[in-house]
> 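Before we start, here is the structure in question, set down as structure tokens.
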Amino acid sequence: MLIEQKNLEKINIIAFQNDLITWFKNEQRDLPWRKDQDPYKVWVSEIMLQQTRVDTVIPYFNRFIEWFPTIEDLAEAEEDKVLKAWEGLGYYSRVRNLQSAVKEVQEKYNGEVPNTPEEISSLKGVGPYTAGAILSIAYGIPEPAVDGNVMRVISRVLSIWDDIAKPSSRKVFEKAVRTLISHEDPSSFNQALMELGALICTPTSPSCLLCPVRDHCHAFFEGVQNELPIKTKKTKTRDVQLAAAILLDDNGKMLIHKRPASGLLANLWEFPNVELHHSLQNEREQVVDLFKQNLTLEIDLKKIIGQIEHVFSHLVWNLNVYTGKIHSGFQENEEWKLVSFEEMEKFAFPVSAQKMLKLYLEHIKK
DNA sequence: AAACCGGGGCG
DNA sequence: CGCCCAGGTTT
């Protein structure tokens, strides 16, 4: 028999639920998405919280709900404004999927977030975790909501040594949560597991002496809480050399470019750039050629005003930033625009472009 | 199953 | 500097 099944049978489930939920009700943080159980707000918060810390999310959540208070508001909003609301949060496909799903809820479900696992899971961007979170928190339905926090907590409580980096391991934890979850208060139960993971059962140096479920925890009994969970994945980043330019026309407007609708930073705006596949001699002249060949852009390039490093999960951009001029006959279109400094506020830029703009502003101030 | 998709904070 | 974070989609 599997270890987790044996350990699961040893847990006093009622006492575990009571200890966990009582702690949560006394110690939970006061967070803006906990003020009510509006399924839409729960949904927005859960999407924002994917791979993003609570402290980062709070101001974004408040502004997002101000701009788009209801499903109808978000469904009808311009995508550019939606991306602007997400600017700086990262993983921009999250919000494009969210708006797509909200439109489907508006049309297919009369604006009401569905409350069955099958229907809600079919929505764009709603996977097993988010489905369980919305169903339990907004609707009180006892579905597991297994995220990284929950896998860490459960791996310790039940001494589960499966590699949580493997997609197949999630099923093990979902099965355990289905056995443990409170049917009287699944909302508090799921949130308590995550809150415990955030505040007590932390990745490094968990505060076991403060833990409300220490008496139920097999890892604590065995003294292996610091060895769990098992997580193997290693990160390998690839370096990419880029040349980018702040290009001005005769009126002092800057040239910006809309990225493609799929892939990295989809549909966000950037300053024109080219990839440098080899380390170049006479780089400046060759960059002018690359702009002409790759972007059909006739430019007059000045010197490098600085270098920027921007780190993604699996990628590092090394940007050589130039200034230059664009020919006066340039024709704008959907993909290329000339904008004043004030007009830039309407467009959503990734942080890498914001770093470039900051560099440029410091450059011209001198 | 593995790769892809951002950005910030912390020890 | 490496690791982590209230994951999901695509290949």
Side-chain angles (χ1 to χ4, degrees), chain A residues 24 28-29 31-34 41-61 83 86-98 100-101 120-134 136-138 144-154 163-171 173-174 177 187 189-199 201-206 229 231-238 259-268 270 309-317 348-355:
Chain A
F24 175 69
Q28 66 170 301
R29 291 166 291 180
L31 300 173
W33 47 89
R34 288 180 174 161
K41 292 182 198 163
V42 172
W43 187 2
V44 170
S45 71
E46 292 301 338
I47 300 299
M48 284 190 173
L49 287 163
Q50 289 170 9
Q51 310 304 101
T52 310
R53 299 186 126 76
V54 166
D55 290 341
T56 304
V57 164
I58 290 172
Y60 280 92
F61 175 84
L83 283 174
W86 214 265
E87 184 184 57
L89 257 189
Y91 285 102
Y92 300 93
S93 65
R94 290 184 291 173
V95 77
R96 298 195 307 130
N97 288 339
L98 175 62
S100 166
I120 199 166
S121 296
S122 74
L123 296 169
K124 198 85 174 158
V126 178
Y129 164 74
T130 308
I134 298 172
S136 61
I137 297 171
V146 174
D147 67 350
N149 275 321
V150 172
M151 286 197 282
R152 184 173 61 255
V153 170
I154 297 297
D163 181 1
I164 67 168
K166 297 176 69 155
S168 57
S169 295
R170 206 196 65 245
K171 296 197 302 289
F173 294 94
E174 282 181 349
V177 171
S187 170
F189 183 89
N190 279 344
Q191 291 187 79
L193 282 181
M194 294 185 270
E195 195 80 344
L196 191 69
L199 300 181
C201 197
T202 47
T204 58
S205 52
K231 187 170 184 177
T232 58
K233 253 188 187 139
K234 37 189 143 189
T235 57
K236 43 186 175 195
T237 57
R238 182 168 57 93
R259 294 178 60 87
S262 65
L264 182 65
L265 303 169
N267 281 357
L268 272 77
E270 66 183 359
E309 181 184 87
H310 191 72
V311 180
F312 300 89
S313 302
H314 304 283
L315 207 61
V316 180
W317 276 0
F349 293 89
V351 170
S352 52
Q354 295 173 25
K355 289 178 184 172

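Naming: A, B, ... by sequence-line order, numbering from 1 per chain. Remember, predicted model here, so these are calculated numbers, not experimental data.
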> I need the CD1-P distance between Ile137(A) and dA6(C), as an integer number of Å.
13 Å
> Which heavy atom in Ala198(A) sits nearest to a heavy atom in Arg152(A), and how many Å separate them?
N-NH2, 4.3 Å
> Indicate whether the side chain of Arg94(A) and that of Gln51(A) have a donor and an acceptor atom separated by less than 3.5 Å.
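Judged by distance alone, the side chains do not pair up.
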> Just the rounded figure in Å: distance from C1' of dA6(C) to CZ of Phe189(A).
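After rounding, the reported distance stands at 15 Å.
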> Which part of the nucleic acid does Arg259(A) contact within heavy-atom distance under 4.0 Å: base, sugar-phosphate only, or nothing?
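It contacts nothing in the nucleic acid.
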> Using a cut-off of 4.0 Å on non-hydrogen atoms, how would the nucleic acid contact of Val57(A) be classed: base, sugar-phosphate, or nothing?
nothing
> With C1' as the reference atom in both, quote the distance from dC5(C) to dC5(B) in angstrom, rounded to an integer.
15 Å
> Given atom CG of Leu199(A) and atom P of dC5(C), what is their separation to the nearest angstrom?
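The answer, rounded to whole Å, is 14 Å.
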> Work out how far the P atom of dG8(B) is from that of dG8(C), and round it to whole angstrom.
22 Å
> Between atom CD in Glu46(A) and atom C1' in dC5(C), what is the gap in whole Å?
13 Å
> Is it true that a side-chain atom of Arg170(A) and a backbone atom of Tyr129(A) form a donor plus acceptor pair closer than 3.5 Å?
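No, because the side chain of Arg170(A) does not come within donor-acceptor range (under 3.5 Å) of the backbone of Tyr129(A).
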> Nucleotide by nucleotide, 5' to 3', does protein get under 4.0 Å of the base (B), only the sugar-phosphate (S), or neither (-) in nucleotides 3-11 of chain B, counting heavy atoms?
SBBBBB---
> Take atom OH of Tyr129(A) and atom P of dT9(C), then tell me their distance rounded to the nearest Å.
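One finds 14 Å between P of dT9(C) and OH of Tyr129(A), rounded.
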> Does any N or O in the side chain of Thr52(A) come within less than 3.5 Å of the main-chain N or O of Gln50(A), such that one atom is a donor and the other an acceptor?
yes
> When rounded to the nearest 0.5 angstrom, what distance separates CG in Leu265(A) from OH in Tyr92(A)?
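So the gap between those two atoms works out to 6.5 Å.
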> Applying a 4.0 Å non-hydrogen cut-off, can you work out what Lys166(A) is touching in the nucleic acid: base, sugar-phosphate, or nothing?
nothing
> Main chain of Ala353(A), side chain of Glu270(A): is a donor-acceptor contact present, judged purely on distance under 3.5 Å?
no
> Give Trp43(A) one of three labels, base, sugar-phosphate or nothing, depending on what nucleic acid heavy atoms sit under 4.0 Å from its own.
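No contact.
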> Atom CD of Glu87(A) and atom OH of Tyr60(A): how far apart are they, to the nearest 0.5 Å?
7.0 Å
> Report the distance from atom CD of Glu195(A) to atom C1' of dA6(C), rounded to the nearest whole Å.
10 Å
> Map Leu123(A) and Arg29(A) onto DNA chain C by nearest heavy atom, then report which one ends up closer to the 5' terminus.
Arg29(A)
> Round to a whole Å and report the spacing from CG of Leu49(A) to P of dA6(C).
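After rounding, the gap between these two atoms is 8 Å.
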> Taking dC3(C) as the reference, what is the distance to dG6(B) when you measure between their C1' atoms (whole Å, please)?
16 Å
> Could you tell me how far apart Arg170(A) (CZ) and dA1(B) (C1') are, to the nearest whole angstrom?
14 Å
